[in-house]
2 protein chains.
Amino acid sequence: MARGSFREQVLLAREAAIVSAVNRLLAEKGFDAMTVDAVAAEVGIAKASLYKHFKSKEDLAAAAMIGVLDRALALIETLQKDPSLDERERLKAVTRWTMQVQLAGEMPALPAQNSALRSALMANKAYLDRLMQVSDLLGAWIVAGQAAGRLDAGLPPEVLLYTIYARACDPVLGVLKASANFTDDQIIDMLLSTCFHGLDGAVPKTASHAAGQAT
Amino acid sequence: MARGSFREQVLLAREAAIVSAVNRLLAEKGFDAMTVDAVAAEVGIAKASLYKHFKSKEDLAAAAMIGVLDRALALIETLQKDPSLDERERLKAVTRWTMQVQLAGEMPALPAQNSALRSALMANKAYLDRLMQVSDLLGAWIVAGQAAGRLDAGLPPEVLLYTIYARACDPVLGVLKASANFTDDQIIDMLLSTCFHGLDGAVPKTASHAAGQAT
DNA sequence: GTCTATAAGAGGATAGAC
DNA sequence: GTCTATCCTCTTATAGAC
């Protein structure tokens, strides 16, 4: 890509400011409650100007999601290069980062039910490419972690992948933060524990163990 | 309470039909995308008539939530009486039921971010009473399960409670169902496994185990 | 209490001047 | 490309007759 003129650089900076505002508002209020007026007000420009950069509210949300996926890809690449980590530790690091972003109020919240938004995302090649790239990289780690016995090999890899994805919108984070009884790091450590170790205690066997196929 | 006249019985039946429609629409579209017009259409009455029974859209959602909590309380009472189950198994049964309700399309979805809705719920005594009752009962099971070593005693009970609550709106359920690769029972069994056992594999120790406080 | 009709307002998107 | 002003649709909620 060419560098672009000074004027183009200014435009890109403005678009970055828009995406940043969208990202923050999506994290704070969610897609439905975020108004385009609020975005324009936060950026400090007129609403009509927004529509010169992005053709719809859904496009604004897609741009924010692309930004998050780019940051995730950068982290994944960094972790990929660290030879001191195995796949499970890398996945845990990604999960931790996801929670940190959410607690920092920077994780855009997109309702899974909104079909208009979903259609726009599924039609957005830049978004889909990044999503598939992240899924492929994390999926490879999952399969390797299962083969090494560090992750539960009894579950389909996609179940583990979706479970990790879901940490990005886990409502438990917000509830615990609102309770004001824990620091952000404590919350993250506890939820990493429930995610990877589960809720079960250390006592593995009981008298009823032989009865059923699973406890 | 008195039985009420025949006419009052008819009204109660109509209100039950309204709440049922609200419950279904909340599960399908979520609170924001559910319109009062759609509720009226599903029940087969005029919108103005709805407002004779419930004074706001938020009240409609609260009524649906109260219905779910009542059903949960009924299940909890039944489980309480079964002496063959320990506390962990009871919690697992509640979690399983929660997921079954969601997969059946009968779990109302309320966005945690909507402040108007949240205010209405927090001002609704009938809702709050039931919510606290459920929390007290499940909380007692959690503490007992921790004391028995069947649940992780290293985590605050509220963390376990919220984690179980969150299964009611776990997006992984819907994603796996949409993938059409699993039956409902398979999905529930897999997610019960990730919830109680976590994502970790069977290999508990590694060479790096002694290094940090936790893996 | 049920209906039809409508008020009242929010919010996404655009027109047209500059 | 940025602005002001506006359109238009959707949605909550209510008025008023029966």
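In what follows, every chain begins at residue 1, and chains take the letters A, B, ... in the order their sequences are listed.
Checking A:S56 against A:Y51 by side-chain atom types alone, no donor-acceptor pair falls below 3.5 Å. No hydrogens or angles considered: nothing links the side chains of A:T183 and A:D185 as a donor-acceptor pair under 3.5 Å. Side-chain contact, A:S135 with A:Y165: a donor N or O sits under 3.5 Å from an acceptor N or O.
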| query | For DNA chain C, what is the dot-bracket line, given that a base pair needs Watson-Crick (N1 to N3, plus N6-O4 or O6-N4) or G-U wobble (N1-O2 and O6-N3) geometry with both distances under 3.5 Å, and | means paired with another strand? | reply | ||||||||||||||||||
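With B:R167 contributing its side chain and B:T163 its backbone, the two residues share a donor-acceptor pair below 3.5 Å. Looking only at distances, no side-chain donor or acceptor of B:R130 sits under 3.5 Å from a matching main-chain atom of B:V68. Using a distance-only test at 3.5 Å, with no hydrogens or angles considered, a donor-acceptor pair links the side chain of A:T98 to the main chain of A:V94. Remark: the backbone N or O of A:I18 is not paired with any side-chain donor or acceptor of A:E42 at under 3.5 angstrom.
Taking atom NE2 of A:H53 as the reference point, atom P of C:dA13 lies 16 Å away to the nearest angstrom. In this structure, A:N114 atom CG and D:dC10 atom C1' are separated by 14 Å, rounded to whole Å. Rounded to an integer number of Å, the gap from CZ of A:F54 to P of C:dG12 is 16 Å. Remark: P of C:dG1 and CD of B:E15 are 9 Å apart, rounded to the nearest angstrom. Note: CD (B:Q9) to C1' (C:dG1) measures 17 Å, nearest angstrom. One interatomic measurement links the two molecules: CE of A:M34 to C1' of C:dA13, which rounds to 14 Å at whole-angstrom precision. Atom CG in B:L50 sits about 11 Å away from atom P in D:dT12, given to the nearest Å. Atom CG of B:D32 is separated from atom C1' of D:dT11 by 12 Å (rounded to the nearest Å).
Cation-pi geometry between B:K57 and B:F31 is satisfied (NZ or CZ under 6.0 Å from the ring centre, within 45° of the ring normal). For the pair B:K92 and B:F196, the distance from NZ or CZ to the six-membered ring centre is under 6.0 Å and the angle to the ring normal is within 45 degrees.
Note that CG of B:N23 and CD of B:E106 are 7.0 Å apart. Values are rounded to the nearest 0.5 Å.
Of the listed nucleotides (D:dT2, C:dA13, D:dT11), C:dA13 has the atom at the smallest distance from the side chain of A:S56.
Contact between the side-chain N/O atoms of B:Y51 and the OP1/OP2 oxygens of D:dT14 is not found at any separation under 4.0 Å.
Using a 4.0 Å cutoff on non-hydrogen atoms, no part of residues 18-29 of chain A comes near DNA chain C.
The pair A:D200-B:R88 counts as a salt bridge, with a side-chain nitrogen and a carboxylate oxygen less than 4.0 angstrom apart.
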Protein-nucleotides 3-7 of chain C N/O pairs under 3.5 Å:
unit_1: C:dC3; atom_1: OP2; unit_2: B:A46; atom_2: N; d: 2.6
unit_1: C:dC3; atom_1: OP2; unit_2: B:S49; atom_2: OG; d: 2.8

